[in-house]
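To find a chain, count down the sequence lines: A is the first, B the second, and so on, and within it residues start at 1.
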Amino acid sequence: MVIKPYGYAIWEKMQQGLDKMFKDTGHVNAYFPLFVPKSMFEAEEKNAEGFAKECAIVTHYRLKNDPKNPGKLMVDPEAKLEEELVVRPTSEAIIWNTYKKWIQSYRDLPILINQWANVVRWEMRTRLFLRTAEFLWQEGHTAHATRQEAEAETIQMLNVYAQFVEEFMAVPVIKGKKSEGEKFPGAIDTYCIEALMQDGKALQAGTSHFLGQNFAKAFDVQYSNKEGKLDHVWGTSWGVSTRLIGGLIMAHSDDDGLILPPKLAPIHVVIVPIFRSDEELASVTKAVEPIVQNLRKAGLSVKFDNRDTHKPGFKFAEYEMKGVPVRIAIGPRDLENGTVEIARRDTKEKQVWKMENVVNDLPALLDDIQKSLYNKALNFRTSMTTVVNSYDEFKNVLDTKTGFVLAHWDGTPETEAKIKEETKATIRCIPLDAKVESGACVYSGKPSARRVLFARAY
RNA sequence: CGGGGUGUAGCGUAGCCCGGUAUCGCGCUUGGUUUGGGACCAAGAGAUCGUCAGUUCGAAUCUGGCCACCCCGACCA
């Protein structure tokens, strides 16, 4: 997948928002290698097994001219690696192998590291942004002296993700815990945030794992505690990826293109001048320049599109497609009246503002758009979350209404697998705020203590 | 890997059944008229029809092999 500049700008905005939140919670960035020796990779068995089917492997380190095919290259059989290198599908292995060297004492803990990186998972079927063979993400890897501290870290980062997705992406999420079948291989517990897309399908937007001592044991990472006794350290890992861009697109867009929340929009405001002649453009430009400068001073990203190669109507359509939250049109009529035309992308609503109010009032409009997008998505999710009490109802909702389904489940992997097989729906999570409510599993009729969240998912 | 489908200009396509080197739209170039919601007119440029082989006087079209891509399924953030 190629991410073009405008799409990459969205990713950069996401990075900025998340990176600040990571730093604010005490984390630092570092970088670990792309290639992981196979022996290192296989040290944590469950993790290795979980990813084995989708690993790219480097077996050679040189190409040479193919004597049978002039001008073509071939793998040089002489250049076979002693040990194959796995292209990281995630970095637990190489990071824990490194942490082993860094940790001796409780005084070395905690280690709170994040890395921004690319990873490769050789998917059989890819989906733009949602599932690509190579993707960009961040992965946090922390090491702690106590179980309690690691668990608190896991939940803290889950909350960071939830806050980011809701505040920046304007997408409401449900925080929960994954079932045994859906959790990260190698983790004790996987927590996640689940979002609902406009087509009624769920999207896992981020995960935070409590690794227990699994990796510490696999990589022999021990520390001396205050009593002078050796113990394995406790770990977490957590990540979000460029999948969030796909989620952002699917959560808000309409038939006219993207709708971007102001907090992630590469361009907050586009100004389109209306003019027939160079003289008109000059006089419009003169009025626009101070507005641009002052909006930029206020911290907004402003584009003044003064191209004379495209008509205004074309530009209107173009920026709508790109999801720019606010468009300002200024023409000769506005110059006479001291006004501008303000159009918001989310509602398509147009207003005429006094020119002198633009700089002052625009931040509030952007705030309103941000909130309004969130509320719209929240209302949608609420209307698309259905409580069901029978398997017939369950299947009917999935087939006709779609969306999230809250149903009782007996807690067994067997039932989970059967439901998945028969309906394509998976347990998205066991919501953290699920109230204790005794009931009967929609599939088996066995007792259940709480409802879990089902959906068909990406 | 199983099942289905498609490869013709930068993109989307017609033509294929019934052989005679290619249609239309978008986009691109130039000129003119336009410019408050994706402009119009005119003139241009651009295609070894996925690839290799076969049949034929002649292949986008018929036959066979190969390659690539797409959709559905298994796998998945």
Side-chain angles (χ1 to χ4, degrees), chain A residues 1 47 49-55 88-92 117-140 161 165 173 178 181-185 187 190-195 197 201-209 237-247 250 255-257 270-281 284 305-322 327-337 339-343 345 348 350 352 417 420-421 424 426 428-429 456-458:
Chain A
M1 173 173 69
N47 184 51
E49 271 174 35
F51 287 109
K53 297 184 294 292
E54 43 184 348
C55 284
R88 63 181 169 214
T90 179
S91 301
E92 272 79 3
N118 58 340
V119 286
V120 170
R121 297 182 188 173
W122 212 261
E123 303 292 346
M124 293 167 184
R125 276 180 73 191
T126 58
R127 227 181 216 286
L128 207 60
F129 284 115
L130 299 184
R131 194 174 308 113
T132 46
E134 178 187 2
F135 57 93
L136 304 181
W137 75 346
Q138 57 70 217
E139 43 181 327
Y161 287 154
V165 174
V173 295
K178 283 292 186 193
E182 295 280 331
K183 79 173 191 192
F184 176 69
T190 288
Y191 295 86
C192 63
I193 49 173
E194 292 288 327
M197 302 295 103
K201 290 174 82 171
L203 183 77
Q204 178 175 305
T207 49
S208 184
H209 314 289
S237 67
W238 28 273
V240 297
S241 72
T242 38
R243 160 176 268 206
L244 288 180
I245 300 174
M250 293 196 296
D255 288 347
D256 293 321
V270 63
I271 301 178
V272 177
I274 312 295
F275 60 95
R276 292 162 189 270
S277 62
D278 289 349
E279 292 72 33
E280 278 185 354
L281 176 59
V284 169
D305 186 351
N306 59 0
R307 288 177 296 174
D308 60 3
T309 50
H310 297 274
K311 291 180 33 166
F314 180 91
K315 295 177 185 175
F316 291 177
E318 186 179 30
Y319 293 108
E320 274 161 15
M321 198 155 63
K322 288 186 157 188
R327 179 187 73 235
I328 302 178
I330 303 179
R333 281 208 306 266
D334 294 300
L335 295 184
E336 281 176 30
N337 303 331
T339 58
V340 301
E341 181 191 78
I342 302 272
R345 174 63 182 90
K348 291 288 185 64
K350 288 184 196 174
V352 175
K420 182 176 178 181
E421 189 186 320
K424 307 281 180 214
T426 49
R428 301 319 305 154
C429 68
R456 293 198 178 122
Y458 281 104

Does [X] have a side-chain nitrogen or oxygen under 4.0 Å from the phosphate oxygens OP1 or OP2 of [N]?
X        : N     : value
A:Lys311 : B:A39 : yes
A:Lys424 : B:A74 : yes
A:Arg276 : B:U35 : yes

Say you pick atom [atom1] in [N] and the same atom in [M]; how far apart are they, in whole Å?
N     : M     : atom1 : answer
B:C52 : B:A14 : P     : 24 Å
B:U61 : B:G50 : P     : 8 Å
B:A45 : B:U29 : P     : 15 Å
B:G58 : B:G2  : C1'   : 42 Å
B:U6  : B:U51 : C1'   : 15 Å
B:U33 : B:C16 : P     : 44 Å
B:A60 : B:G44 : C1'   : 26 Å
B:U34 : B:C40 : C1'   : 7 Å

Measure the distance from [atom1] on [X] to [atom2] on [N] and round it to the nearest whole Å.
X        : N     : atom1 : atom2 : answer
A:Asn337 : B:G36 : CG    : P     : 18 Å
A:Asp334 : B:G36 : CG    : P     : 13 Å
A:Glu421 : B:G73 : CD    : P     : 15 Å
A:Arg121 : B:A74 : CZ    : P     : 20 Å
A:Leu281 : B:G36 : CG    : C1'   : 15 Å
A:Glu123 : B:G73 : CD    : P     : 15 Å
A:Lys53  : B:A74 : NZ    : C1'   : 11 Å
A:Ile193 : B:A77 : CD1   : C1'   : 11 Å

Using a 4.0 Å heavy-atom cut-off, does [X] contact any base of the nucleic acid, only the sugar-phosphate backbone, or nothing at all?
X        : answer
A:Thr132 : base
A:Leu130 : base
A:Phe135 : base
A:Ser241 : base
A:Gln204 : sugar-phosphate

Distance (rounded to the nearest 0.5 Å) between [X] [atom1] and [Y] [atom2]:
X        : Y        : atom1 : atom2 : answer
A:Ser237 : A:Asn47  : OG    : CG    : 8.5 Å
A:Phe316 : A:Arg345 : CZ    : CZ    : 14.0 Å
A:Leu203 : A:Tyr458 : CG    : OH    : 8.5 Å
A:Leu136 : A:Ile245 : CG    : CD1   : 8.0 Å

A:Trp137 atom CH2: more than 12 heavy-atom contacts under 6.0 Å: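 Atom CH2 in A:Trp137 is packed in, count exceeds 12.
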Enumerate all atom pairs, one protein N or O and one N or O from nucleotides 26-33 of chain B, separated by less than 3.5 Å.
none

Options B:G36, B:G38, B:C75, nucleotide nearest the side-chain atoms of A:Ala317: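 Comparing B:G36, B:G38, B:C75 against the side chain of A:Ala317, the answer is B:G38.
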side-chain contact (heavy atoms from CB on, under 4.5 Å) assessment of A:Asp305 paired with A:Tyr319: CA-CA 10 Å; A:Asp305 186 351; A:Tyr319 293 108; 2.6 Å; yes
N-O pairing of A:Glu318 and A:Arg307 below 4.0 Å: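 The answer is yes: the pair qualifies as a salt bridge.
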Salt bridge present between A:Lys315 and A:Glu320 (N-O < 4.0 angstrom): no
Any donor-acceptor N/O pair under 3.5 Å between B:G37 base and A:Glu318 side chain: no
Aromatic ring pairing A:Phe314/A:His310, orientation class (parallel under 30°, perpendicular over 60°, tilted between):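 Aromatic pair A:Phe314/A:His310 classed parallel.
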Test side-chain contact (heavy atoms from CB on, under 4.5 Å) applied to A:Arg327 and A:Val272, step by step: CA-CA 7 Å; A:Arg327 179 187 73 235; A:Val272 177; 4.2 Å; yes
Donor-acceptor side-chain pairing of A:Arg428 and A:Thr426 below 3.5 angstrom: yes
Pairwise 5' ranking along RNA chain B for A:Asp308 and A:Arg127, keeping only the more 5' one: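 Final value for this comparison: A:Asp308.
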Which residue lies more 5' along RNA chain B, comparing A:Gly313 with A:Lys420 via nearest heavy atoms: A:Gly313
Passing option when A:Thr190 is tested against A:Glu182, A:Lys178, A:Lys183, A:His209 for side-chain hydrogen bond (donor to acceptor under 3.5 Å, both in side chains):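 Single pass found, and it is A:His209.
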Consecutive-pair stems (3 or more, Watson-Crick or G-U, under 3.5 Å) for RNA chain B: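 Stems for RNA chain B, defined as runs of 3 or more consecutive pairs: B:1-7 with B:67-73, B:10-12 with B:24-26, B:28-33 with B:39-44, B:50-54 with B:62-66.
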